[in-house]
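Counting convention: from 1, in listed order, for ligands and their atoms alike. Reckoned from all heavy atoms, side chains included, excluding hydrogens, waters and symmetry mates.
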Amino acid sequence: MGASYRPGNIRGLVDVCILNQLEELNKTGNSWLTDEHIKGLIFDTLAAGMTEILKTLRLFLLLMCHHPEVQTRLHVEVETIIGSERFPCPEDLKWMPYTQAVMLEIWRYGSQTPLAIPHLCRKDVELDGYLIEAGSVIFPNLYAVHHDEVTWGDPWEFRPERFLNESGEPLPSDHTLMQNIIPFSVGKRACPGQEFARSRIFVTMASLMQRVRVIPPENSNLPPADPRLYSKAYPMTEPQFECRFLPREDSII
Ligand code: HEM
């Protein structure tokens, strides 16, 4: 593996793995990070990346069909911050609080990775008076965190403004709602692709809002976006649907 690998020229995840593999081989003559492990890791990363980004974008389109008022506000923010003469870039997002709120609300509402991934508890742990025994497998229930009525009040409403204060600015990171929005999970096994996902999803959403209006299909029914109605099979899947893109006349890109 790694015919094109050059020491000192690290191009990405595969090179980082090869570097670690070679360091361990030089030190001990053996490495747990075999070529098979590296291939598995790359496969997992590609599969996770493609499916998760697709899930957010699909739900975004469905929600835009159901909530034209949200789409209008997104378009106004895109027009104000980016305009219609250049492509959006990831850095624009920090000036776009409403778009940030919509992204958080899509991840909360849909909770597209409802049980994260299973974690093995290696030693006995006491948490809030409960004993979690070594060897237990834990499924973090992000779906339940994101739909807890005590925290959210109206968890089954799609309402991006919940993440903004009265002046339309993002809530501070220590606010209860910000502490409870954890689409990428938390801790050292949290999603390693989150920054990549955030920037790609933002650029795609902003580019669409810049150029088109997303509207329901003409000759078929639009399924509801309510996550309580998604398939309960694991992994939970949102409904398939058709929608239409109407070009915006004022977009010149
Ligand atoms: C909106 C998009 C995404 C969401 C909501 C998401 C969510 C998650 C969640 C909840 C986990 C489990 C973390 C845990 O159990 O502690 C996870 C793991 C993972 N994600 Fe993502 N993810 C997204 C995009 C991506 C992308 C774009 C990539 C790769 C480019 C990626 C790669 C991975 C990998 C490799 C893991 C397993 C990490 C490990 O085993 O330690 N994800 N993701």
Report yes or no: do Glu242 and Asn219 form a side-chain donor-acceptor pair below 3.5 Å? no

Applying side-chain hydrogen bond (donor to acceptor under 3.5 Å, both in side chains) to Thr204 and not counting sequence neighbours gives none

Can you work out which protein residues put a heavy atom within less than 4.0 Å of ligand 1? Thr45, Ala48, Gly49, Glu52, Ile53, Thr56, Trp107, Gln112, Thr113, Ala116, Ile117, His119, Leu142, Pro183, Phe184, Ser185, Arg189, Ala190, Cys191, Pro192, Gly193, Phe196, Ala197, Ile201

Looking only at atom types and distance, does a side-chain atom of [X] sit under 3.5 Å from a main-chain N or O of [Y], one as donor and one as acceptor?
| X | Y | answer |
| --- | --- | --- |
| His147 | Tyr109 | yes |
| Glu149 | Asp154 | no |
| Glu24 | Asn30 | no |

Checking Thr72 against His75 for the side chain to side chain donor-acceptor pair (under 3.5 Å) test, could you report, in this order, the C-alpha distance in whole Å, the side-chain angles of both residues, the deciding distance, and whether it holds? CA-CA 5 Å; Thr72 303; His75 178 242; over 6 Å; no

